[in-house]
Structure formats: structure tokens, C-alpha cells
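The model shown is predicted, which means the values in this text are computed figures rather than measured ones. Just so it is clear: chains get the letters A, B, ... in the order the sequence lines come, proteins before strands, and each one is counted from 1.
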Amino acid sequence: MSEQDSLDRFLGEEVKPSEVEAKDSSSDWFERLKKILDERSAPAVKFSRAYLLSASYDGDLRCAVLKFYDPAENRILLWYDTTGHTPYCFTNLTPEELQALPEISGRENVEGFEVVEKHNPLTDSPIKVTKILARDPLTIGGRPSSLRERLPKAREDAKVWEADIKYHENYLYDLGFEIGMPYTLREGETLPKPDVGEAKLPSGLEEALKGEDEDFRNYTAEWVRLLECPVPSFKFASLDIEVEAPSLDRIPNAREALYPVIAVSVVDSEGRKRVLLLRRQGVEEGSAELDENVELEFYDDEVSLLGATLEILTHYPIIVTFNGDDFDLRYLWHRAQRLGFPKGVIPIDMGRESALLTLGIHIDLYKFFFNRAIQVYAFDQKYRENTLEDVASAILGVGKLPIGKNVSELSYRELAAYCLRDAELTYQLAALEGCLTLKLILALARVSRMPVEDVSRQGVSAWIKSMMYYEHRRRNLLIPSQSEILAFKGYTTTQPVIKGKKYRGAVVIEPKSGVNFNVVVLDFASLYPSIIKRWNLSYESVRCPHPECRENRIPETPHWVCRRKRGITSLIIGSLRDLRVKWYKVKAKDKSLPQEVRSWYDVVQRTLKVVLNAAYGVFGAEHFVLYCPPVAEATASIGRYAITKTIEKAQQLGIEVIYGDTDSVFLRNPTEEQIAELVNWSERELGMELDVDKVYRYTVFSSRKKNYVGVYPDGSVDIKGLTGKKRNTPEFLKRAFSEAVGILSTVESKEAFSTAREKIKAIVKECYERLKGRRYPLEDLAFTIVLGKDVEDYEKTTPQHVKAVKALPAEAREKIGAGSVIRFVKVRRDPGVKLLFQASPEEIDLEKYVEHIQSTFEPLLEALEIDFDEILGVPKTSRLERFL
DNA sequence: GCGGACTGCTTACCT
DNA sequence: ACAGGTAAGCAGTCCGCG
């Protein structure tokens, strides 16, 4: 039972008593499940070497419980705390004051007080605080009567610290447990013993870090110990359920669980594929094709089907689902209770936002793949939407089986095929590239110090928070509250470019319109993490309390930074940066290493990228626990300083800079010597690594920022920002645009441009002619836009895609909401838009589409000095004349 | 009552 | 529930215009 669960019981997510009569088999199933749970929960590990994957809180036993993965037995071992560690928080009230408080005295949930000395990072001085020990986590926080809520009201200046840290995290931090690492478990011993590897820098890295101080090197070595530790191969299964739904459009409500579960499919890492089916009246066998090795199991009643399913949940150490938190496992939990299963025999720990497994680990891939940072940095934005179908087709190249009818109308074999397909896709998402996804989660867990269940469900700010908390505990630092940080140093002074933002961000250099050959792009390797490292940025080091640091100023701001102590963030992010840039990125590309080794290096490299890219942003995010705007402001400010100085230096060296954005500069035809000089200057003067990122045969810039085409020597092409590449652009424009880019990729010299220009003109002309001749099918004309929120939530304006949806009758609109993809075309009449499937070719607004042809090609045409009207065969003056 | 200049909203993108 | 900066298209508002 998790602490979340105890909380939910407190908040009362109750299920109505059984409405469906239990059959004979039910008590057998209840007993069987009870027995499994009892056996497996008993802390009876004789001896085992196992990996720590997770921790939670057992509300009944009132203690922390650790989940280990035993690779020999392929199962999860539970270890219940025997140290007597209890929940706690800190306060500035003395034990005497506390004793006198009505909200404390006589509370049997408060076990005692202890005065302890901690170090306050904000004041850089020791601080005596009272540690309040509690009987359970809810005494500390989580309900209105908790100490976290009540103590601050006891006295005007009363403070509470560290009361919002989940108990199982406290437990891990305090005992120094390392998630993802191997331990030896022995019956009778108080604690599992870590199988500690050596914290030593590999010689290549040792060399690369020669210039760093000893603390930094030791700290980096600790990361190496964590990340070089081997990863076991996991036995796991994916699971998917189908429910007899009354209508095709409605997804059954998992909290009500009104309808029977009719199919459950399970695909496991040992090649087994099972589909459990419920026998129902009038359903035919059917003839849909199924793989030979698929095991079909029929159950005469739903209790047996659910009983078997719940047993499967106890059988596997790891279960992956796609949206199991909100649907599959939640549905099973509520449905099982509806069928009379007592809560105690259901091996699911149901929380408000997650569904965890009592005897295993549940990874919900929906949450993980939906995470923006994972989408962008780990999977290179290969997928855009967040349906299983979209993610799978983008990453795996296969789609969901199309069904035209309600699942309850399918034959057994059709239903099995459909249900199995979803489980297979889910399995593949976890298993692809040698279990990349699972390894990514494990590496993230090691770095963030978070249980794998949490790390796969939460975002970057939670990961970084966890890393920081771990480090605070290790150094006996009091974790300041958000309001304290803000009170000490919560202001910014730079003017943002965009209204409503908190401070000024990166600079973007005005590009020079036109075509340039031999363009070298230099960029700072991990600019912001490098800045955080080099400039010692951290919430406690920026605007530190020492008077002597005050002249150590940050450019363009009134802020200063500490000279006396290395900031925590600077150390953590700085070491991870060096580790990625100087070790893992290099190793991931080292062809002399065996494939499996290289792939792990690639996993780590990607993991670090995700964490590093977020490290700066979180300090500027209000909801981050260590929110510290001057840190974010300082980072961006130093970034502007670095790129601006670099451009000045380049110009001094006689290099023409044609563009730059945040951390990059585009140099026109520089010599090797010029590049080397600039790179050395940066190393020397800025203390930052400036590298050649890419070399283009030529680039095409319009006057627009963040928009360009770059052609590599081998003819491959980078297209950045241009309308012709955007997902919402109609297909006919994307195709014409990509044809034009195809022409560009063949251009090898300045001379070849004259023919290329003619070909591009011809492409635009052809596009125009086909449009005018209405020779494009309607769907090629459709704009594809994702609804950012539910239709009713557009209050200030009604954008076109919303207008198009609003034209639908209410019942058709029901299943359209935030995240839905809207396809519409522009028409001549009334609201000017129509959903694609409602429109007909004659009503298309051709004039509008001609404007779109123009705006799509304009950036290219401008760079190539081609006039759009001229292409259409209109004399240059005609538009003006028409106007006059 | 209409249209241009302007601001703001929305989406998709870049780093 | 990481940040800010840019482009594009449209919605909505204000104001002048006899």
C-alpha cells in the first residue's frame, strides 16, 4: 500500500459495493490471490543480489518498503524497513514552544522532537532547527490538519521546512540508497548492502578533466560509478484490456467500470503472446488471422477472467502499459471491486494519478512518451501527438489495426487481434533498440535518484528537484522553502523582448538575406550548462551573502556570484555536462566498442542531454521548488554576453557573420586559421568550448530569423522554421516546397544557380496552375492544426480551426477536445473555413490559397531574388494598378 | 458602416 | 507544469472618415 493510497483512502475514492453477483469460482480466486500476495509480501529473502528500482510506503505496516529486481529469479523482492526510520519535518519553533501548542500536545501521531544543527545555504551559516518526528506521512503533510498546514499559523514567523518531500524519497535520501544500483540482500540483516563499484575516473576522462579541482573530479567520478554500472536485462510484459463499450465514441469511465472487461492481452519479453477472452452469447469465433503462437484463453465468467488477469499482474516483475494509470489498471481495480474482489486481494496500489503494482513495477509509457523533454531530446521529435497510434507509427513505423465497428461487435478472433495489436505496440515501444526506453528510464532514475515509477511519470522539474534534494541531505543542508529563496533573491531586472515574460532571454542575430557558399557553423557545447559550471551559478551562489563577492558581477545585471564556495547546481550540472561532452558522447560514437556497450553509452548520453537541457529552465519556472529567477536571468545574460563577444571577435578577425541564434554563429567562408583563432580565443577569454557544429556547402537565408535552408556537401538538407516544412501547412504546399528544396540540394556551385532558379520558378508556377485548375484533391488543401484546449475554452478569440469545429452539431463535437487534430480547408462563404470532410471542391477559396503559395515560397524567393508575381506571369505593376 | 493600423491570441517552430 | 524569441495568420478593437 502506497502513501498515495493512504491519502486517497483519506480523501475517499470509494467504490460502490458489488452490483454483479459473484459466481462460484470467485472465492477460489480471492483465496488464490490472497495467498500469492501474502507469500510475496512476507519479508523472507534468504539471499539475493538485486537491483533497487523503487521505494514506497506501506500504510498498514507504517514503514518504507523497497522494491528490488532480482535478475536471477526475474522477480521483484520487497524489503521492509527495519531501521525504524520515520517521517519528519523541520521547524524554527523550539521543542518547548511545540509542546505548548494545542495542535501538537496530546497528538499521539507526533513521536518526538530533536534539536539538530543544519547548514543554511541561503545565509551560508549554521542553523539550529527542531526535527519533528511523526508516526506517519499524513501527520507531516497531505491533509488540512497536517503539521505542514498548521504550524505556520502557530506564530507569525513560524516556519516549516522539508514537509513537502514524499516520505519514500526522504527514506531513500537519508539512507543514501541509490536507485538502479545492485545490492546484496540477506535475511536477518538490517539493511541491504550496496555492491559498490569503484568511484574512479576512466583514464580518458581523467585526462580531459585535468584542469578541474579535486572536488569536481571526485564528484564526476561518483557519476561514473553510477552510470558505468551494468544494467540487467529485464523480464517484462505489456498489457492491454478491452471493455464492452455501449458506443463507439465513448471511452468507458475507468472510475465507474460499468461494463465488462471482454479481452486482455499480454505480450512478454520471452515471446509469449496471450489473449484472455470472455465468452459471451452470440459472439462468433470469426476468421481473423492470428499468429500461430498466440495463446487464446476463453473464460466463462468475468470473475475468472479478472482473477487470471490479476494473477498475471503478480507474475511479472515489470508491466508496461499505454495509459494504464488512467485506464487499464484503474479499470481493473474498480471493475474487480464491482465484481466482489476485496481490495486486499487486488495487487494494484491505486493512487489519484497513478496505478502501481503491489508486487511489481508498472511503467505507463503514455506518461513517459508524452513528456516534452523525452519527446524532443531523447526521440528527436519523431512523434507529435500522444496516441499509441501516433507514437508507434512514428517510432516503430507500424500503426494500430483499423476497426470500423464497436469492439463489442467483433468476433473473438477479431477482438483478439485488435487487443493484441495494442499490447504488441506497447511492448515494442519498451523493447525497441535493445530496450532503449527501459534503459533510459533506469539511467534517469540513477541520475535523478528517483524510483523508476516516479521518474517515468514526472517531468524534468521533479527529476532535478530530486537530484538537488539528495545532494542537500548528503551535505546536511537545510532545504529552503520557495518563499525564502524568493525573499532573499527573487527579482529580475532585464527587459524581456516578449511581453509578459520575466526576463530577457537569448539573442538572435538578424540574418543577411541571400545565398552564401561554404558556411561554417560554430556553437558552444551545451551553452547554458557550461555557463552554470563556469560562472558558478546556483540558487545559493547567485547574490550570495558574502560582501566580498559583490564585485564579481554578472554582465548586464545587478547580480553577483559567489567566489567562496562552489554552488550545488554548478557542481551537479557542471559535472554532468563534462561527463556528457567529454565522455559519453565520445564513447557513443566509438566504433571500436561492441554494439551493446555503445548503445548504453548512447542511452546515458541522451539521458544527460535531457537533464542538462532542462537545468537552466527550471530555475525560471515558478512552480519549481528551488525557483530562483536571478539564476535563470544570469544564465541567459551570460549567454548573450558570450555570443555577442564572439561575434565581435569574429568580425575583428575579418570573418563575416551571417547569422546567429542563442549559442551559434554562422560564418561565411572562413579560413581554417580564422576558425582556430576564434575557438582558441573563446577557450582563453570566455572559458567556454566553441566547436565546429556543421559545415554547409551553402545556406539560403531570407530576412527572417529562425528560418533557413542549409545544404551539406553530400546534398542532404537542413530546413529550419520554414512554413513549407511546418506540420500545419497543407500537403500540396509541403510537396511543392520539398520539390524546390530538392532542386537546391543538387546545386553545387554559384554558376548552377541560374538553372536552379528557373526550375524553382517552374515548380511554383505549376503549383499555381494546378491550384487554379482545381486539380489538387481536397485533402491536399487541408490545414492540420492541433486544438490547444477544449473548444469551449477559447474565450478571447475564435481561431479558424475552432470555427470549423463549432460548425459541427453538438453530439459530433463531443469527442473533439484538447489535443484533437483538426483538418480544415478555406472556403469562400461565411465563416471562411470548413472541416475537410464537410467541404466540397467548388467552394474552395482559391485567392486565399494563392496567398499561401506566395507566403510559403517567399523566404526562398526573396533569397534567390525572384519575384512572385513575375512567376505567375503578372507584370510587376499589375497588383499596384489593380489597387489604384 | 467600413477599412486600415494596431494589439493580442494562437499555433508551430528555434535554440 | 523547464525557459525565452520568432513567424504567420487571424480576431478583435480603435479611430478616422464629412
Residue whose nearest DNA chain B nucleotide is more 5′ - Thr797(A) or Asn707(A): Thr797(A)

Where each residue is assigned the nucleotide of DNA chain C containing its nearest heavy atom, which of Arg704(A) and Lys502(A) is assigned the position nearer the 5′ end? Lys502(A)

NZ of Lys585(A): more than 12 outside heavy atoms within 6.0 angstrom? no

Separation of atom NZ in Lys803(A) from atom P in dT11(B), rounded to whole Å: 14 Å

For DNA chain C, determine which residues of residues 521-542 of chain A have any heavy atom closer than 4.0 angstrom to one of its atoms, and list them numerically. none

Going through the checks in order, is the side-chain hydrogen bond (donor to acceptor under 3.5 Å, both in side chains) test met by Ser637(A) and Glu556(A)? CA-CA 7 Å; Ser637(A) 189; Glu556(A) 277 182 58; 4.8 Å; no

Tell me whether Lys166(A) is salt-bridged to Asp454(A), with the criterion being a basic N under 4.0 Å from an acidic carboxylate O. no

Tell me the interatomic distance from Asp693(A), atom CG, to dC14(B), atom C1', rounded to whole angstroms. 14 Å

Considering every strand and a 4.0 Å limit on heavy-atom distances, what is the contact class for Ala632(A): base, sugar-phosphate, or nothing? nothing

Tell me: NE2 of His801(A) to C1' of dT10(B), nearest whole Å? 7 Å

Determine the contact category for Lys465(A): base if any of its heavy atoms lies under 4.0 Å from a base atom, sugar-phosphate if only primed atoms, P, OP1 or OP2 are that close, otherwise nothing. nothing

Taking it one step at a time, do Glu169(A) and Ser466(A) satisfy side-chain hydrogen bond (donor to acceptor under 3.5 Å, both in side chains)? CA-CA 8 Å; Glu169(A) 288 172 351; Ser466(A) 180; 5.3 Å; no

For a quick test of reading the model: is some side-chain N or O of Tyr794(A) closer than 4.0 Å to OP1 or OP2 of dT11(B)? yes

Please report the distance, rounded to the nearest Å, between CG in Asn613(A) and C1' in dT15(B). 9 Å

Have a look at Gln458(A) and say if it touches a base, only the backbone sugar-phosphate, or nothing, with a 4.0 Å heavy-atom cut-off. sugar-phosphate

What is the distance from CG of Leu787(A) to C1' of dA12(B), rounded to the nearest Å? 14 Å

Examine dT10(B): is either OP1 or OP2 under 4.0 Å from a nitrogen or oxygen in the side chain of Lys789(A)? Give yes or no. yes

Ion pair present between Arg148(A) and Asp164(A), side-chain N to carboxylate O less than 4.0 angstrom? no

With a 4.5 Å limit on heavy-atom distance, are the side chains of Thr646(A) and Leu690(A) in contact? yes

Lys/Arg N to Asp/Glu carboxylate O, Glu353(A) vs Lys367(A), below 4.0 Å: no

For Ile498(A) and dA12(B), give me the distance from atom CD1 to atom P, rounded to whole Å. 17 Å

Heavy atoms only, 4.0 Å cut-off, all strands: where does Gly617(A) land among base, sugar-phosphate and nothing? base

For Lys649(A), does the NZ atom have more than 12 heavy-atom neighbours from other residues, nucleotides or ligands under 6.0 Å away? yes

Taken to the nearest whole Å, CG/Asn728(A) to C1'/dC13(B) is 9 Å

Students should find that the nucleotides of DNA chain C closing off the region near chain A, any atom under 4.0 angstrom from a heavy atom, are dA1(C) to dG12(C)

Between dA12(B) atom C1' and Arg372(A) atom CZ, what is the distance in whole Å? 10 Å

Looking at every strand, decide which applies to Ser664(A) at a 4.0 Å heavy-atom threshold: base, sugar-phosphate, or nothing. nothing

Sugar-phosphate only, base, or nothing, as touched by Ser855(A) at under 4.0 Å among non-hydrogen atoms: sugar-phosphate

Is Lys502(A) salt-bridged to Glu622(A), cutoff N-O under 4.0 Å? yes

Residue whose closest nucleotide on DNA chain C lies nearer the 5' end, Lys796(A) versus Val460(A): Val460(A)

Could you work out which one of dT7(B), dT15(B), dT10(B) sits closest to the side chain of Lys499(A)? dT7(B)

Could you check whether Ile785(A) gets within reach of a base, just the sugar-phosphate, or nothing at all, counting any heavy atom under 4.0 Å? sugar-phosphate

Does a donor on one side chain and an acceptor on the other come within less than 3.5 Å for Thr784(A) and Arg727(A)? no

Are Lys512(A) and Glu656(A) ion-paired here, with the side-chain N under 4.0 Å from a carboxylate O? yes

